[in-house]
Amino acid sequence: MGVFQGGGSPIVGVFPDHELGRRRRLFDALEQAFDVCFEGRREGEWQGLAGAVCFGDSPSVADTRCPTLHFSLPRNNYLPPVGGGPGWGPTHPGLVTLSDDELMDARLRGRSFSDAMAGGLHELPVEDGDRALARCGRAALWIRRRGADGIARYVAAAAPDELNPNEPLRNRLTQSRFIALLPLIHFLREVRAERPWMEPSPRACFIIDDPNLRAPAYGHVNYRDLAEHAARAGYHVAIASIPLDFRSIHPRVREVFERNRQAISVTVHGNNHERHELLTVRDGANALRVAAQSLRRTIKFERRSGLSVSRVMCAPHEECNPAMAEALFQLGFDALALEPRRQVSAEGHTPNDVLAGWEPARFVDGLPILPRFRLDISDEDLVFNSYLNLPQVIYCHNRDLKAGLHVLDDAARRVNRTGQYRWVTPAEIAATNYVSWRRDTDLIVRLYSRRVRLTVPAGLERVRVAVPRFPGVKMIPSTLVGEGQGGESLEISLVPEAALSPAAVPAPVWRPWPRLRRLMTESRDRATPLTRRLRVS
């Protein structure tokens, strides 16, 4: 069975052509996200188009020759900022209700979301046979026109304007800001409908940063109670523990984790948890020393405790630079978990990943970056995560649970309302981050992970793998015959050409400060519940 790379991109015209230049960064991001190619076109230039995005009155809806999305703008083609604009008056938040029409994605169907722009948009006229897909009050903001020729034609009341420098695309599909971009996403998914990607089942996980396992409780986290809550409610919690603290584990804690593997697990949180620990490493050699020490401590802990630790690095303070990401990849970490708004960047530079928080993972030099989100994420953003097929990785600290573990129970219910989620370890999320679709005798696989294992249905001749290419990184396919139902089990890995063993990398220079700092922060965390009880009494 052969494994190779390949692909092709349909062309989507932008009318009139100057609108493409006005929104170049936006369309560049959408090209990456949907594997299409945008071309500026003039009226009448329909040849070779899989779809058309039109602004204003050029061309008219009736003249289009392919599936079309029309942004119906005022005559001056001016899209106002949130504060308002000429001819629009001040905008104000409005509640947008999406249709329960079968055209609407099931994850959005019938839901209502706030949008800061919606209250100031002009109403679209609804003709006989039109299907209104979004309304603000009674005003239609997004419709599908009836077409005797069967060609899909959409009209939307608001168009997305250009992305700001360093602004990620996800900023335009979030709480209180979505109605300008959503019709375009819906349209591009239809244009790409000939590639029916099979997504992994929805997956979710809670991560609690910082606690160590040297006592039955850490701050507001009691491990036995936490495991019982998680098992009863059906969710999974990973404790992101600092490898510096991996020197020991309390016997009762080890027993709790051993008996409740489906509900609670351990993952990695930095190395010493110093300030800017993964951000201020100056060169690759020092980055390797930090990453190798973190992994050596993790391996010793696994041998001592008998527990398995996910090789997913949860970045302290949501910070990491490219040198450290490369070191984590070279030493075998499966992923880095990081808030999308705090993407991997060099110290002193603004992050610039336009698709941060848009895909199940982004690669930095071969290392997948899993997006994770704070516990206070809004219900709207949870729905948009589901719509974008992201794993719901929600993180917090022990202080966020001071009101009780029902905080996690409530958050799990909010997540489960957005889909049928499997609650699994961070390692399982990383290992299942891929999509696939079958075309004749080919299976096309798009990786969002450095290591996946999938069952190849019988009758296929080739597996085509879509993954970014990185210098010094190679892809290794291995066929494991006889495993899986109806076909072979195939493992695909991205590995460095010069893999490193953590034992071969020297340790960082020993300093007393990390242990002293950790002693102080741990003492603070453990004392917080006691001082709170004293204040209450």
Side-chain angles (χ1 to χ4, degrees), residues 6-73 75 77 79 98-99 101-105 108 124-134 140-162 169 172-173 179-197 387 437 439-440 444:
S9 301
I11 299 172
V12 177
V14 179
F15 295 81
D17 54 358
H18 68 265
E19 294 290 351
L20 178 62
R22 291 179 61 187
R23 296 167 172 84
R24 187 66 263 184
R25 190 167 186 270
L26 170 71
F27 283 115
D28 284 348
L30 292 169
E31 283 186 345
Q32 294 181 52
F34 292 96
D35 191 20
V36 299
C37 179
F38 291 102
E39 290 185 0
R41 295 291 182 97
R42 297 179 181 179
E43 190 154 358
E45 297 179 347
W46 301 104
Q47 64 276 11
L49 295 184
V53 177
C54 308
F55 294 84
D57 297 328
S58 177
S60 67
V61 175
D63 294 336
T64 58
R65 300 290 186 270
C66 60
T68 307
L69 170 61
H70 250 89
F71 290 114
S72 178
L73 303 179
R75 287 185 178 179
N77 265 1
L79 183 66
L98 301 178
S99 170
D101 192 293
E102 63 182 9
L103 288 173
M104 185 65 62
D105 188 285
L108 302 180
L124 296 175
V126 180
E127 303 171 0
D128 288 344
D130 288 350
R131 298 159 77 170
L133 300 181
L141 302 181
W142 175 22
I143 60 177
R144 175 168 172 164
R145 287 265 185 251
R146 178 183 64 178
D149 54 10
I151 296 176
R153 296 182 174 91
Y154 294 92
V155 183
D161 50 2
E162 175 65 307
L169 184 63
R172 306 300 180 88
L173 189 72
I179 192 56
L181 186 62
L182 181 60
L184 185 50
I185 300 171
H186 179 96
F187 177 72
L188 292 176
R189 285 185 173 182
E190 285 201 357
V191 169
R192 297 297 292 167
E194 82 283 359
R195 288 196 173 187
W197 291 105
Y387 179 62
W437 65 283
R439 186 180 66 184
D440 300 327
I444 293 88

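All of these numbers come straight from a predicted model, not from anything done at the bench.
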Exercise for the section: Would you check, one step at a time, whether the test side chain to side chain contact (heavy atoms under 4.5 Å, CB included) holds for L98 with D105? Expected result: CA-CA 10 Å; L98 301 178; D105 188 285; over 6 Å; no

Exercise for the section: Step by step, work out the side chain to side chain contact (heavy atoms under 4.5 Å, CB included) result for L30 and V36. Expected result: CA-CA 8 Å; L30 292 169; V36 299; 5.7 Å; no

Exercise for the section: Take M104 and R131, measure what side chain to side chain contact (heavy atoms under 4.5 Å, CB included) needs, and give me the verdict at the end. Expected result: CA-CA 11 Å; M104 185 65 62; R131 298 159 77 170; over 6 Å; no

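Rounding to the nearest 0.5 angstrom, the gap separating the SG atom in C37 from the CG atom in L49 is 10.5 Å. To the nearest 0.5 Å, atoms CG (L69) and CG (L188) are separated by 8.0 Å. One finds the OG atom of S9 at 3.5 Å from the CG atom of D35 (value rounded to the nearest 0.5 Å). Put simply, OH on Y154 and OG1 on T68 are 11.0 Å apart, with the number rounded to the nearest 0.5 Å. Remark: H186 NE2 to L133 CG distance equals 6.0 Å, nearest 0.5 Å. To the nearest 0.5 angstrom, I11 atom CD1 is 6.0 Å from R41 atom CZ.
Listed for the E19 side chain is no donor-acceptor partner under 3.5 Å among the backbone atoms of C54. With hydrogens and angles disregarded, no donor-acceptor distance shorter than 3.5 Å links the side chain of E127 to the backbone of R145. The main-chain N or O of R24 is found under 3.5 Å from a side-chain atom of E162 such that the two form a donor-acceptor pair.
Summarising the geometry of A157 relative to L124, their closest heavy-atom pair is N-CD1, 3.8 Å, with the distance given to 0.1 Å. Closest approach of V155 and S72 over heavy atoms only: CG1-CB, 3.9 Å. Closest approach of L20 and G40 over heavy atoms only: CD2-N, 3.3 Å. Minimum interatomic distance between R23 and P160 (heavy atoms only, all atoms of both residues): NE-O, 2.7 Å. Across every non-hydrogen atom of I143 and A132, the tightest pair is CG2-CA, 3.8 Å. The shortest non-hydrogen separation linking A52 to F15 is CB-CE1, 3.7 Å.
Screening I185, D161, L184, L182 for a side-chain contact (heavy atoms from CB on, under 4.5 Å) with R172, the sole residue that qualifies is D161.
Using cut-offs of 30° and 60° on the angle between ring planes, the pair F27 and F55 is perpendicular.
Under a cutoff of 6.0 Å and an axis angle of 45°, R189 and Y387 form a cation-pi pair.
The side chain to side chain donor-acceptor pair (under 3.5 Å) test applied to R439 returns no partner, not counting sequence neighbours.
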